[in-house]
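What's counted below: heavy atoms across the whole structure, side chains too, no hydrogens, waters or symmetry copies.
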Amino acid sequence: NFSRTVDVALETSRTGQAMVDAALTANSLLSSAQQSRLDDIEGARQWEGVLGPIGVLFALGIIFLAVLVRQTQKQISDAYALVSSSIDYAQHIQRSILPANEQFASTFDAHFIIWEPRDKVGGDFYALFDWGKGSLVVLADCTGHGVPGAFMSLIAMSSIETALDEVKPGDVATLVQRIHQRVRATTGRNRSLVDADDGLELGAMYIDEDKKEASFCGARFSVFVSDPKKENFVYEIKGSRKGIGYESTPDTFDFSSHPIELTKSTQIYMTTDGYIDQVGGDFRRMFGKKRFMDLLRQIRKSSVDDQKEIILRNLKDYQGNETRRDDVSMLGLRF
């Protein structure tokens, strides 16, 4: 019994020693962990001393950039508002030079007007003047669109008004030639003062007092006539191949005039190339003259108001997702 008691005591002693060793090891590991933690804290304090000022500078930089961006945005917004306001007023000025709808209504039995600048202002314009005992209708397409085109339209309108006082009423070909000379003189083209070659395409039609005959003159401009007595009902009268105001058109160039017989069934359409040249459809091609003339044949019995709606709807449907390429203007006149 004593021997067994001694063995148990020795085993207990060894177990206790092992527990003490384990406790010492655990204490050593704990001390190491504490020291590592202290080292991390000290390192963090050192980095704090370095990163603290950088963080403050970074925060200040962010604040400065935010203020700068906001100021820049405000400047851009103010500049946009100024430009937008100027263009809105320019639109008001350009619209003011166009004849009132009532003026057309008092001259023609029925009519429609389409004037849709690609931007707020554009290079297309139309005009109606009393000239002698008859009337002069003008539709023009100036070089470019937007603000440059609008400026050119003002020059062209002024040239037309001056030329009307210098040419015998009814002589529409000489009138177009004089308009050309006036535009060149105004822009300095005949003195080679500028490098740009700007001008306009124009269609001018004089209707006599009795409204039985018209005389058309075009500068790179056509007129489309709908007459049931003619073959295919709709035909095109092409103008001269020279434009107005361009360097390639001599001052003395002779524009040609074409007579148009007017009856109770005659309808006349003048359009700028914005409609015909608009890209669209399944194959992204231009609307084209053929499609346009087919459309005129289809709508010839419709009222002018319906014609306008159909023409605009066809353009929108054909254009689809394509962007508008140019100003679109058209006059439809029924006698």
Side-chain angles (χ1 to χ4, degrees), residues 63-105 111-129 137-162 179 182-189 193-202 243-245 270-275 277-280 308-309 311-313 315-316 319-331:
I63 295 173
F64 174 76
L65 286 176
V67 172
L68 184 61
V69 168
R70 187 165 184 174
Q71 290 178 344
T72 303
Q73 288 177 336
K74 186 178 184 305
Q75 291 174 352
I76 293 174
S77 178
D78 292 344
Y80 175 80
L82 179 61
V83 172
S84 180
S85 175
S86 298
I87 293 179
D88 287 341
Y89 192 71
Q91 182 186 45
H92 171 73
I93 293 174
Q94 188 174 36
R95 284 184 179 275
S96 69
I97 71 170
L98 301 177
N101 188 63
E102 291 76 16
Q103 188 176 349
F104 273 86
H111 76 283
F112 71 79
I113 300 172
I114 296 174
W115 186 70
E116 292 189 353
R118 196 197 72 168
D119 307 310
K120 288 188 176 182
V121 292
D124 287 5
F125 71 92
Y126 57 92
L128 176 61
F129 301 95
V137 181
V138 175
L139 182 61
D141 180 2
C142 299
T143 301
H145 38 71
V147 175
F151 271 107
M152 196 66 198
S153 72
L154 296 177
I155 293 175
M157 181 66 83
S158 175
S159 299
I160 294 171
E161 291 174 344
T162 303
I179 294 170
R182 282 288 177 182
V183 171
R184 282 173 59 91
T186 303
T187 59
R189 189 81 64 244
L193 297 181
V194 290
D195 295 329
D197 191 19
D198 300 321
L200 62 145
E201 301 167 355
L202 176 145
I244 290 177
M270 301 172 69
T271 179
T272 59
D273 58 11
Y275 193 100
D277 290 349
Q278 177 59 48
V279 170
K308 178 179 180 179
E309 181 182 350
I311 287 171
L312 288 174
R313 185 171 66 246
L315 176 63
K316 182 179 179 180
Q319 178 180 336
N321 295 326
E322 297 290 332
T323 57
R324 182 66 61 86
R325 306 189 74 183
D326 200 355
D327 306 324
V328 172
S329 299
M330 190 182 305
L331 299 177

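- Within the model, atoms CD1 of I155 and OG1 of T187 stand 6.5 Å from one another, a figure rounded to the nearest 0.5 Å.
- Scored by the salt bridge (Lys or Arg N to Asp or Glu O under 4.0 Å) test, R313 finds E309 as partners (sequence neighbours excluded).
- Although no hydrogens or angles enter the test, the distance criterion places no donor-acceptor pair under 3.5 Å between the side chain of S77 and the main chain of K74.
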Could you please spell out the steps behind the side chain to side chain contact (heavy atoms under 4.5 Å, CB included) verdict for L315 and V328? CA-CA 10 Å; L315 176 63; V328 172; 4.1 Å; yes
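- Heavy-atom contacts from other residues, nucleotides or ligands closer than 6.0 Å to CZ of F129 number more than 12.
- Residues H111 and A105 share a closest heavy-atom pair of CE1-N, 3.6 Å.
- Distance CG/D327 to CZ/F125: 12.0 Å, rounded to 0.5 Å.
- V279 and R325 get closest at one heavy-atom pair: CG2-NH1, 2.7 Å.
- The side-chain hydrogen bond (donor to acceptor under 3.5 Å, both in side chains) contacts involving residues 116-126 comprise D88-K120, E116-R324, R118-H145, D124-T272, D124-S329, where partners must be two or more places apart or lie in separate chains.
- Here T143 contributes atom OG1 and E201 contributes atom CD; the two are 7.5 Å apart, rounded to the nearest 0.5 Å.
- Under the 4.5 Å side-chain criterion, counting only non-hydrogen atoms from C-beta, K308 is in contact with I114.
- For the atom pair CZ of R184 and CD1 of I244, the computed distance is 12.0 Å after rounding to the nearest 0.5 Å.
- Within the 4.5 Å cutoff, side-chain heavy atoms of M270 are placed close to those of V137.
- Contact between V121 and I87 at its shortest, heavy atoms only, is CG1-O, 4.1 Å.
- Q94 places no side-chain N or O within 3.5 Å of a backbone atom of Y89 that could act as its donor or acceptor partner.
- The closest side-chain heavy-atom distance from D326 to D277 is not below 4.5 Å.
- Residues satisfying the side-chain hydrogen bond (donor to acceptor under 3.5 Å, both in side chains) criterion with S159, sequence neighbours excluded, are absent altogether.
- With a 4.5 Å cut-off on side-chain heavy atoms, I113 and L331 count as touching.
- For G149 against C142, the heavy-atom pair with the smallest separation is O-CB, 4.0 Å.
- Nearest heavy atoms, F112 versus I311: CZ-CD1, 3.6 Å.
- A donor-acceptor distance shorter than 3.5 angstrom exists from the side chain of T72 to the backbone of L68, with no hydrogens or angles considered.
- Atom CD of residue Q103 and atom CG of residue L128 lie 4.5 Å apart, to the nearest 0.5 angstrom.
- Note that CG of L200 is 11.0 Å distant from CE of M157, once rounded to the nearest 0.5 Å.
- Summarising the geometry of P117 relative to G122, their closest heavy-atom pair is CB-N, 3.9 Å, with the distance given to 0.1 Å.
- Between I160 and R182, every side-chain heavy-atom pair lies at or beyond the 4.5 Å cut-off.
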